[in-house]
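Heavy atoms only: backbone and side chains are in, while hydrogens, waters and symmetry mates are out.
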Amino acid sequence: QNLLKALKYDIEVPTEDQILGLEFILGQLKESHREVVELHYKNGLTYRKISEQIGKSSARCSQIGITAIRRLQKMDWIGWFGLKMDIRGI
């Protein structure tokens, strides 16, 4: 759900298809980017905690997270999995 909000989708309870869609697009990221996104948005870790786990600075982890979110936002996957974009996020 936090990841959906970061991607600017206003979905209270994601459907199974939407969850599968998120898993699919996460799989399109570089492994290091996916790891940071999952640790931050799925597990709720701060970038500082992530940096301790993966051995990169917290600033670098934040940069990776932001870059990954931007890449995910650019992917044309909305229609594939029935996601409705929140127009307030545009």
Side-chain angles (χ1 to χ4, degrees):
Q1 199 168 9
N2 291 333
L3 180 55
L4 284 169
K5 287 183 181 179
L7 293 173
K8 298 190 180 358
Y9 291 100
D10 188 21
I11 299 171
E12 290 295 322
V13 180
T15 66
E16 187 175 328
D17 284 344
Q18 291 166 336
I19 292 168
L20 288 172
L22 284 174
E23 294 298 326
F24 174 79
I25 66 164
L26 285 173
Q28 306 305 302
L29 294 173
K30 293 180 187 177
E31 186 177 338
S32 61
H33 288 207
R34 183 175 58 251
E35 181 181 24
V36 169
V37 168
E38 288 179 344
L39 289 171
H40 186 67
Y41 291 101
K42 285 185 170 182
N43 299 345
L45 296 181
T46 63
Y47 289 123
R48 184 181 188 116
K49 292 285 185 191
I50 295 169
S51 72
E52 293 169 4
Q53 281 193 357
I54 66 173
K56 296 183 179 176
S57 72
S58 58
R60 179 65 183 133
C61 290
S62 174
Q63 183 183 40
I64 289 170
I66 290 166
T67 299
I69 291 299
R70 287 183 181 149
R71 285 187 179 147
L72 292 172
Q73 287 172 334
K74 289 180 181 181
M75 289 185 185
D76 185 21
W77 60 285
I78 297 166
W80 303 347
F81 300 99
L83 296 173
K84 180 181 176 186
M85 188 161 200
D86 177 5
I87 59 172
R88 294 174 295 178
I90 297 175

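Cluster annotation: Tyr41 is connected to Phe24 through the hydrophobic network of ILVMFWY side chains, with a link wherever side-chain heavy atoms come within less than 4.5 Å. Both Ile54 and Val37 belong to a common hydrophobic cluster when Ile, Leu, Val, Met, Phe, Trp and Tyr are linked at side-chain heavy-atom distances under 4.5 angstrom.
Donor-acceptor pairing under 3.5 Å is recorded for the side chains of Arg60 and Gln63.
The line from CD1 of Ile25 to CG of Leu20 is 12.0 Å long, rounded to the nearest 0.5 Å. We find the SG-CD distance between Cys61 and Glu52 to be 10.0 Å, quoted to the nearest 0.5 Å.
Two residues are said to be in side-chain contact when any heavy atoms from C-beta on lie closer than 4.5 Å; Thr67 and Lys30 fail this criterion. When side chains are defined from C-beta on, Leu72 does not count as touching Leu22, because their heavy atoms never get closer than 4.5 Å. Residues Ile64 and Lys56 are in side-chain contact: their nearest non-hydrogen atoms beyond the backbone lie under 4.5 Å apart.
Heavy atoms of other residues, nucleotides or ligands lying less than 6.0 angstrom from CD of Glu23 number more than 12.
Of all the heavy atoms in Val36 and Ile50, the pair that sits closest is O-CD1, 3.9 Å. Across Ser57 and Ser51, no two heavy atoms sit closer than the pair C-CB, 3.6 Å.
The backbone N or O of Ser58 lies less than 3.5 Å from no partner atom in the side chain of Ser62, so there is not a single donor-acceptor pair.
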For Lys42 and Leu26, what are the C-alpha separation, side-chain angles and deciding distance, and is it a side chain to side chain contact (heavy atoms under 4.5 Å, CB included)?
CA-CA 12 Å; Lys42 285 185 170 182; Leu26 285 173; 4.1 Å; yes
